[in-house]
*Asks:* 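Before I ask anything, let me first share the structure, which is written out below as structure tokens.
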Amino acid sequence: QGKKVPLGELLVSDVVQHYIKSATATANCDYVQALARKFVRNAWSREGKFREDMAASATTLNIERVCKDQPLYGPTTYFVSHCWSYKLKDLINLVMRHYDSQPGTAGGSTYQPLYYWLDIFAVQQNFKGDFKDHPDSDFPGVIRNAQAVLFTIMPWRAPLCVERVWCLFEALQAVSAHVELELLVEEIQSNQTVDKLQSVFVKVVVDNLDIRKCKSTVASDKKYILGQVEQSLGIERFNQIMQDSLRRKVMEVMLISAVQKNDLDSTTKMVKAGVRVTQRVLAFSGYTQFDTDDKGLKALAEVIKISTSVQAVTLHTTTTSKATHEGYATLAAALKNNNSVTDLSLCKGPREDLKKHEGGWVGPKAGAALGEMLALNTALKRLDLSRNIKLTGQGVANIAKGLSAANSSGLQELFLSEVSADNKGVAALADAIAAGATPVGGSKPTVNSLSGNSLGAAFGDKGPHGITASASFGGMPSSFMRSTGSTLGSGAFSSFAGVSSSSGSMLGRRGSVVMSAPKPRVPLQRLVLSNNSIGDGDACKSLGSMLSKAGTLTRLDLRGCDIGSAGAASLADGLAASSGITHLDLSSNKIGDEGAAALATALKKNRSLQVLELEGCEIKGPGGSSLGQSLSAGSAPLKELVLYGNSLGDTGAAAIGAGARGSTTLRRLDLGKCSITGKEGIAGVAAALHHNKVLRELDLRENSIKSAEGTDAAKSLADALQGNAVINKLYIGGVFSDQACAVLLKVQDSCKQLDIIR
């Protein structure tokens, strides 16, 4: 009607009619393909990736979402079954809340490659004709490749999906293909008992279900689907299967609701009746955040005992939670011999004001219970206790005690960010991890002869120790293209063989010998200890020793840990001897020039480090010179160096540039806000671009160049970029005047791949 309306306020059907169809008309394909082929452009994406992180706002559910440079699309993870009569914002919020509950997303603030298939974006909307002839009509194929079908229940008292023929047809495809069917329910706001809610749900969601009464926007679609049902199962059998499936799912939703309501009696009653959770992720986060007491934790323990499909448990407690160590001890006991849960998060929400929390903390006693669990559990791979500020150094030491007692731990990732850990507790933890690097029972490598054996018969389809074939992509993965009926050419893809072996074995030709390295007792790969007051004492020495001994450890995060130059030197000693570490974050520590020099010396010996983050570490010119020398003379295959927020000055920046000039591995260099003020500093960095053939991203933001030297500095950078066919991102926000920027922007005429971001 001639008015501008936010898309989120429109019904999904109106979004398709007034936006999707017009945006994809020229490309004559689905929206995702149009985006990939650059027929559709918008302010928040570039080259199929997020242009920037998302600031916290109402549209992001008040969560800052870190997603810059991450892919917008990929192979289908979840198929979303929904109604076009929803408001778009309600549908997107429902999907976002599901995403926020998934492992690794940190409540939605961290990007994970989880992709939601929505028909309005993945199906060509300008097609005219019978649906059976539609190029994107293979919904069953997409569902078979999905991890789960999310059947939306909204509004919860009278859900629309059970009245839509397409939604029921999609649900049946999931059931038939043995793909998980998960009810995606909006927030249930009711004070009714679980029994009453269950009765209401069964009545409105299940008992009245009849595909013959269902509606369809396009009359021919309903006729087509009813015909398919008649030819396969028959109407009555279809209705019976869907009623049975949804009844089980409703019971599952009620079981989870009972846990959330701290209703131990109802939980126990349903568990005894055989109700269990069949979905892979059990999450109490976001709007389902756990206002738990010990009864709720005990109820959760009962559910976990019988729900062998659950692989990940996320529990974010509210400000008013009354949970104590007794409840956590019950939960930990249920996990001691559990073989299904591989991911456990017992945290405070990522944006919670911890000062307002009354309880619900994982403290030292709860830490002791979790330590006892870790001593026996062999399945858990990821444990996150971040933001439990009452855990303290004693709690960390208790966890360390459990790891020391473990004979065959499966733990690969441990997150202990902002838990009030101290020098003593971290030292104990680092010592436990270092000791855990030794093999189970101190065994020696085993030697097995394969002479005369068929590898296929001996190891199965995946090959020995997990040799698999995978696909890498220059746009969208081939599996995603197949699922959506894409017309993009296959030339964008290449195949590679990935060899995955936790035992570090070596495979020779037929008739040769395979040596299997013994498994370490604690095969930790990632340790996050950010925002704890560790200091320069024994903890850093133990962490250094851990770096030199723990061959499986690849990532160590010590951001904001009150580490100075002495602590950095201790860590550098371990870094020099480490053979496995690939990512080290020491940002927001006062390591200074001496600490930087120690790290630079270590880089000359280390042969594994790929990412070094030193943001805001009080490094000045001399420290920059040391690091610059290590870039060209070091043996570490450094790919990313972050020095944002250090006062390197022109001299230090020029030294970094000189080092980058000789690097054959450095792909990303961040010199933002490094007190570069003149032509000398910019020219020094620019010199690297003449010779470096691998650098793809250079960040110079927030360096205010003197106005008198701005044009010359920009010209030196432009000259260096001429003919460079590799670098694709240059950040110059707040560096040059408009006049100087104009000089630099002209280089894009010869460097077509370069994106200059102001």
Side-chain angles (χ1 to χ4, degrees), residues 13 76 78-86 117-119 122-123 127 129-154 156-185 198-254 273-276 278-279 309 483-485:
S13 58
T76 301
Y78 295 106
F79 182 104
V80 182
S81 182
H82 66 98
C83 293
W84 282 26
S85 51
Y86 295 157
W117 192 97
L118 286 162
D119 58 352
V123 173
F127 176 81
D130 289 338
F131 183 78
K132 60 180 173 47
D133 300 321
H134 197 296
D136 300 326
S137 63
D138 186 20
F139 284 19
V142 181
I143 289 171
R144 284 194 299 271
N145 288 320
Q147 183 172 293
V149 168
L150 306 182
F151 192 84
T152 55
I153 299 294
M154 187 167 60
W156 74 269
R157 288 185 180 276
L160 299 175
C161 265
V162 295
E163 300 175 357
R164 307 301 296 184
V165 66
W166 268 116
C167 295
L168 291 185
F169 184 68
E170 290 159 357
L172 176 66
Q173 296 304 315
V175 174
S176 301
H178 303 289
V179 172
E180 180 182 332
L181 179 64
E182 183 177 341
L183 299 191
L184 197 57
V185 186
Q198 177 186 329
S199 175
V200 171
F201 253 59
V202 169
K203 182 177 180 180
V204 300
V205 177
V206 178
D207 291 346
N208 293 323
L209 185 150
D210 187 340
I211 193 170
R212 289 168 295 202
K213 300 177 182 178
C214 289
K215 303 171 186 176
S216 174
T217 303
V218 180
S220 60
D221 286 358
K222 180 175 180 179
K223 182 178 179 181
Y224 167 73
I225 291 174
L226 286 176
Q228 292 290 309
V229 172
E230 284 279 20
Q231 292 175 17
S232 56
L233 295 170
I235 298 295
E236 297 302 330
R237 178 61 177 154
F238 173 93
N239 287 340
Q240 187 63 53
I241 289 175
M242 289 311 306
Q243 286 176 343
D244 290 345
S245 297
L246 289 178
R247 188 175 290 107
R248 287 193 297 271
K249 282 299 171 183
V250 166
M251 293 294 289
E252 186 174 327
V253 168
M254 292 299 102
V275 182
R276 63 193 64 201
T278 59
Q279 62 196 47
S309 296
S483 297
T484 59

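Being a predicted model, the structure only gives us computed values, none of them experimental. Computation of the quantities below employed the complete heavy-atom set of this structure, encompassing side-chain atoms and omitting hydrogens, waters and symmetry-equivalent molecules.
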*Asks:* Could you tell me whether the side chain of L172 reaches within less than 4.5 Å of the side chain of I241, counting heavy atoms only?
*Replies:* yes
*Asks:* For the residue pair M242 and I211, establish whether any side-chain heavy-atom pair is separated by less than 4.5 Å.
*Replies:* no
*Asks:* First locate atom CZ of R144, then atom NE2 of H178, and finally report the distance between them rounded to the nearest 0.5 Å.
*Replies:* 12.0 Å
*Asks:* Can you tell me if D244 and Q240 form a side-chain donor-acceptor pair at under 3.5 Å?
*Replies:* yes
*Asks:* Between the main-chain N or O of L181 and the side-chain N or O of K249, is there a donor-acceptor pair closer than 3.5 Å?
*Replies:* yes
*Asks:* Does the side chain of D210 come within less than 4.5 Å of K213's, by heavy atoms?
*Replies:* yes
*Asks:* Is there a side-chain contact between V162 and F151 in this structure, where contact means two heavy atoms from C-beta onward sitting under 4.5 Å apart?
*Replies:* yes
*Asks:* Hey, what do you get for CG (L246) to CG (D207), rounding to the nearest 0.5 Å?
*Replies:* 11.0 Å
*Asks:* Which atom pair, heavy atoms only, marks the closest approach of L209 to Q243?
*Replies:* O-NE2, 3.3 Å
*Asks:* Supply the atom-to-atom distance E230 CD to R237 CZ, rounded to the nearest 0.5 angstrom.
*Replies:* 14.5 Å
*Asks:* Does a side-chain heavy-atom distance below 4.5 Å link R164 with K215?
*Replies:* yes
*Asks:* Any side-chain heavy atom of F139 within less than 4.5 Å of one from Q173?
*Replies:* no
*Asks:* Please find the pair of heavy atoms, one from F127 and one from P135, that lie closest to each other, and give the distance.
*Replies:* CD1-CD, 3.8 Å
*Asks:* Any non-hydrogen side-chain atom of F79 less than 4.5 Å from a side-chain atom of L150?
*Replies:* no
*Asks:* Could you go through residues 218-229 and list every donor-acceptor pair under 3.5 Å that involves a side-chain atom there, pairing it with any protein atom two or more places apart or in another chain?
*Replies:*
unit_1 : atom_1 : unit_2 : atom_2 : d
D221   : OD2    : W166   : NE1    : 3.1
K222   : NZ     : R212   : O      : 3.0
K222   : NZ     : C214   : O      : 2.7

*Asks:* For H82 and T152, which heavy atoms make the closest approach, and how far apart are they?
*Replies:* CA-OG1, 3.4 Å
*Asks:* Which heavy atom in Q198 sits nearest to a heavy atom in M251, and how many Å separate them?
*Replies:* NE2-SD, 3.1 Å
*Asks:* Using a 4.5 Å cut-off on heavy atoms from C-beta on, say whether the side chain of S13 contacts that of S85.
*Replies:* no
*Asks:* Rounded at 0.5 Å granularity, tell me how far OG in S216 sits from CH2 in W84.
*Replies:* 10.0 Å
*Asks:* Taking ring-ring contact (aromatic ring centres under 6.0 Å, His included) as the definition, give me every residue that meets it alongside Y86, ordered by chain and number, with sequence neighbours left out.
*Replies:* none
*Asks:* Tell me, with the steps shown, if Q147 and E180 meet side chain to side chain contact (heavy atoms under 4.5 Å, CB included).
*Replies:* CA-CA 7 Å; Q147 183 172 293; E180 180 182 332; 5.6 Å; no
*Asks:* As a quick check of understanding, evaluate side-chain hydrogen bond (donor to acceptor under 3.5 Å, both in side chains) for S309 and R276, giving each step before the final call.
*Replies:* CA-CA 9 Å; S309 296; R276 63 193 64 201; over 6 Å; no
*Asks:* Any donor-acceptor pair under 3.5 Å linking the side-chain atoms of T278 with those of E252?
*Replies:* yes
*Asks:* Nearest 0.5 Å, what's the OG-CZ distance between S81 and F169?
*Replies:* 11.5 Å
*Asks:* Before you tell me yes or no, could you show the steps for H134 and V123 under side chain to side chain contact (heavy atoms under 4.5 Å, CB included), namely the whole-Å CA-CA distance, both residues' side-chain angles and the distance that decides it to 0.1 Å?
*Replies:* CA-CA 9 Å; H134 197 296; V123 173; 3.5 Å; yes
*Asks:* Would you check if the side chain of T76 reaches a backbone N or O of W117 as a donor-acceptor pair within less than 3.5 Å?
*Replies:* no
